[in-house]
Enquirer: 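Supplied in structure tokens, the structure appears directly below.
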Amino acid sequence: MQKRKLGNSGIEVAPLGFGGNVLGWTADEPTSFKLLDAFVSAGFNLVDTADTYSGWVPGHQGGESETIIGKWLARAGNRKNVIIATKVGMKMPSGKEGLSKSHILVSADESLKRLQTDYIDLYQSHIDDQKTPLDETLEAHAELIKSGKVRVIGASNYTAERLTEALDVSKQRGLPPYKCLQPQYNLYTRADFESKLQPLCVEQGIGVIPYFSLAAGFLTGKYRSEADLTKSGRGQGVKKYLNERGFRILAALDQIAKETNSSPAKVALAWLMARPGITAPLASATSPEQLNDLIGATELHLDSAAIAVLDHASA
């Protein structure tokens, strides 16, 4: 498996990451173990989660995904072969949220306990907290890195302006900089990332691991009408894509999938992997069949004509 450098972090990852939001939600524990085993056995190493996953499920407290990953790591005994990425800052069911120093330090210890590990490879600020000074947030991260609890830090859901500001604070204060960005980016959702964030990340050598790489499953072609929205627990999140532009993108994906003897999901991920500055898209699977489809995307190389068709349809 050809690894890619995660920006200038010193970490190398396979070109596709496993999105852990489904673990403990739409994938139960036994299924989660099978998926993670298969993913790593195929040569992949990046598993992304967050402290808040899956707090949106009735009765959940947050941390369910990290807990399953922790049990899997303890059982598999392969910690050194896996890059664990998690996040802090999004609102928890308990009401706790934000990027204050106190909240980050407590949350990191709680994540480490659930993950059953003594270090996190990539610890990410999940969402910008404009109520907390950037230097306070970065000081907390610096403390975690100094203590060996965290290797490198990243940001998720930051605008280009705020990411630039954070990088400036790191430089001025001698604090660890964000080495990775996790934005929402896919064939349907392009403008926000491509306009300002993409050139910034390329210029600064920041790794990029997009989430919603398949637009909550829409780009797999699974949802083509409102009647299809009942197919999974994520279905209602897809409704906003059922429009003229969305159908145009699906038609282009169908075309390229037919030409390359692949699938819409493979094509959508291969397009992302070929974008400037992208390190590894994150994608979720809830069955071995889905996972095999995702893994197959790393073997699909789109030519310039195919990319042009997709670019035009999704412009």
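All values below come from the heavy atoms of this structure, side chains included, with hydrogens, waters and symmetry mates left out. Numbering of residues begins at 1 and proceeds along the displayed sequence.
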Enquirer: Looking only at non-hydrogen atoms, find the nearest pair between Ala166 and Leu138 and report the distance.
Expert: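 That would be O-CD1, 3.7 Å.
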
Enquirer: Flag the pair Asp311 and Arg275 as a salt bridge only when some basic side-chain nitrogen lies within less than 4.0 angstrom of an acidic carboxylate oxygen.
Expert: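 A salt bridge links Asp311 with Arg275.
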
Enquirer: So, Asp48 and Gln124: side-chain donor and acceptor under 3.5 Å apart, yes or no?
Expert: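 Yes.
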
Enquirer: Using distance alone, with no hydrogens and no angle criterion, decide if Arg79 and Thr117 have a side-chain donor and acceptor under 3.5 Å apart.
Expert: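 A pair is found: one side chain offers a donor N or O, the other an acceptor, under 3.5 Å apart.
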
Enquirer: For residues 195-210, pull every pair meeting side chain to side chain donor-acceptor pair (under 3.5 Å), keeping only residues two or more places apart or in separate chains.
Expert: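 Pairs touching residues 195-210 that pass the test: Glu161-Lys196.
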
Enquirer: Does a side-chain N-to-carboxylate-O contact under 4.0 Å join Glu143 and Lys146?
Expert: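 No, this pair does not count.
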
Enquirer: With sequence neighbours left out, write down each residue that passes side-chain contact (heavy atoms from CB on, under 4.5 Å) with Glu97, or none if nothing qualifies.
Expert: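 If we apply the side-chain contact (heavy atoms from CB on, under 4.5 Å) test to Glu97, skipping adjacent residues, the hits are Lys91.
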
Enquirer: Quick test of your reading: applying ring pair (Phe, Tyr, Trp, His ring centres under 6.0 Å), list the pairs with at least one residue in residues 46-66, sequence neighbours left out, ordered by first then second residue.
Expert: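 Checked against ring pair (Phe, Tyr, Trp, His ring centres under 6.0 Å) - neighbours excluded - the pairs reaching residues 46-66 are Trp25-Trp56, Tyr53-Trp56.
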
Enquirer: Which residues pass the side-chain hydrogen bond (donor to acceptor under 3.5 Å, both in side chains) test with Glu289, not counting sequence neighbours?
Expert: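 Scan of Glu289 (side-chain hydrogen bond (donor to acceptor under 3.5 Å, both in side chains), adjacent residues dropped) gives Ser287.
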
Enquirer: How far apart are the closest heavy atoms of Arg245 and Ser314, and which atoms are they?
Expert: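 Where Arg245 meets Ser314 most closely, the heavy atoms are NH2-O, 2.6 Å.
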
Enquirer: Could you tell me which residues satisfy side-chain contact (heavy atoms from CB on, under 4.5 Å) with Ala265, sequence neighbours excluded, listed by chain and number?
Expert: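 Only Leu214, Thr220, Ser263, Asp293 meet the side-chain contact (heavy atoms from CB on, under 4.5 Å) criterion with Ala265.
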
Enquirer: Is it the case that atom CG in Asp303 sees more than 12 heavy atoms from other parts of the structure closer than 6.0 Å?
Expert: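 Correct, the count exceeds 12.
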
Enquirer: State, without any angle test, whether Asn243 and Tyr188 hold a side-chain donor-acceptor pair at a distance under 3.5 Å.
Expert: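 Yes, a side-chain donor-acceptor pair sits under 3.5 Å.
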
Enquirer: What's the verdict on side-chain contact (heavy atoms from CB on, under 4.5 Å) for Leu282 and Leu46, showing C-alpha distance, side-chain angles and the deciding distance?
Expert: CA-CA 9 Å; Leu282 301 173; Leu46 174 61; 4.0 Å; yes

Enquirer: Between Tyr223 and Tyr241 (judged by ring centroids, cut-off 6.0 Å), do the two rings come close enough to count as a pair?
Expert: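 No, they do not, as the ring centres are separated by 6.0 Å or more.
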
Enquirer: Checking Arg114 now: which residues fulfil side-chain contact (heavy atoms from CB on, under 4.5 Å) with it, not counting sequence neighbours?
Expert: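 Per chain and number, Arg114 pairs via side-chain contact (heavy atoms from CB on, under 4.5 Å) with Asp51, Glu66, Thr67, Glu110, Ser111.
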
Enquirer: Of all residues at least two apart in sequence or in a different chain, which pass the side-chain hydrogen bond (donor to acceptor under 3.5 Å, both in side chains) check with Lys222?
Expert: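 Partners of Lys222 by the side-chain hydrogen bond (donor to acceptor under 3.5 Å, both in side chains) criterion come out as none, since no residue qualifies.
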
Enquirer: Should Asp254 and Arg224 count as an ion pair when the cut-off is N to O under 4.0 Å?
Expert: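 Between Arg224 and Asp254 there is a salt bridge, with a charged N closer than 4.0 Å to a carboxylate O.
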
Enquirer: Quick one: list whatever passes side-chain contact (heavy atoms from CB on, under 4.5 Å) with Asp129, sequence neighbours left out.
Expert: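 side-chain contact (heavy atoms from CB on, under 4.5 Å) check on Asp129 returns Leu99, Lys131, Thr132.
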
Enquirer: Only one of Gln2, Arg4, Lys5 clears side-chain hydrogen bond (donor to acceptor under 3.5 Å, both in side chains) with Glu12; which?
Expert: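 Result for side-chain hydrogen bond (donor to acceptor under 3.5 Å, both in side chains) with Glu12: Lys5.
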
Enquirer: Under the criterion side-chain contact (heavy atoms from CB on, under 4.5 Å), I'd like the reasoning laid out for Lys71 against Phe33: C-alpha separation, chi angles, the key distance, then a yes or no.
Expert: CA-CA 9 Å; Lys71 289 180 181 179; Phe33 285 178; 3.7 Å; yes

Enquirer: When you compare the side chain of Leu197 with that of Leu181, does any pair of heavy atoms fall below 4.5 Å?
Expert: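 Side-chain contact under 4.5 Å: yes.
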
Enquirer: To the nearest 0.5 Å, what is the distance between CG (Leu219) and CG (Leu250)?
Expert: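 The CG atom of Leu219 sits 7.0 Å away from the CG atom of Leu250.
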
Enquirer: Within a strict 4.5 Å, meaning less than it, do heavy atoms of the Asp37 and Trp72 side chains meet?
Expert: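 Yes, their side chains come closer than 4.5 Å.
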
Enquirer: Just by distance, no angles: are the side chains of Ser284 and Asn21 close enough, under 3.5 Å, to form a donor-acceptor pair?
Expert: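 A pair is found: one side chain offers a donor N or O, the other an acceptor, under 3.5 Å apart.
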
Enquirer: Can you name the residues that form a side-chain hydrogen bond (donor to acceptor under 3.5 Å, both in side chains) with Ser213, not counting sequence neighbours?
Expert: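 Ser213 satisfies side-chain hydrogen bond (donor to acceptor under 3.5 Å, both in side chains) with no residue once adjacent residues are dropped.
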
Enquirer: Taking only residues at least two apart or on different chains, which pairs with a member in residues 257-302 satisfy ring pair (Phe, Tyr, Trp, His ring centres under 6.0 Å)?
Expert: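 Output for this query lists Tyr185-Trp271.
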
Enquirer: Given the rule in the salt bridge (charged side-chain N to carboxylate O under 4.0 Å, His left out) test, do Arg173 and Glu139 qualify, once you have shown the distances and angles that lead to the verdict?
Expert: CA-CA 9 Å; Arg173 295 282 314 278; Glu139 283 170 5; 2.7 Å; yes

Enquirer: Using the salt bridge (charged side-chain N to carboxylate O under 4.0 Å, His left out) rule, collect all pairs that involve residues 16-28, keeping only residues at least two apart or in two chains.
Expert: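 Applying salt bridge (charged side-chain N to carboxylate O under 4.0 Å, His left out) to every pair that reaches into residues 16-28, excluding sequence neighbours, yields nothing.
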
Enquirer: For Tyr211, what residues pass the ring-ring contact (aromatic ring centres under 6.0 Å, His included) criterion, not counting sequence neighbours?
Expert: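 By the ring-ring contact (aromatic ring centres under 6.0 Å, His included) rule, Tyr211 matches no residue at all.
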
Enquirer: Does the pair Arg162 and Leu134 meet the rule for a side-chain contact (heavy atoms from CB on, under 4.5 Å), with working shown?
Expert: CA-CA 9 Å; Arg162 286 288 282 177; Leu134 286 165; 3.8 Å; yes

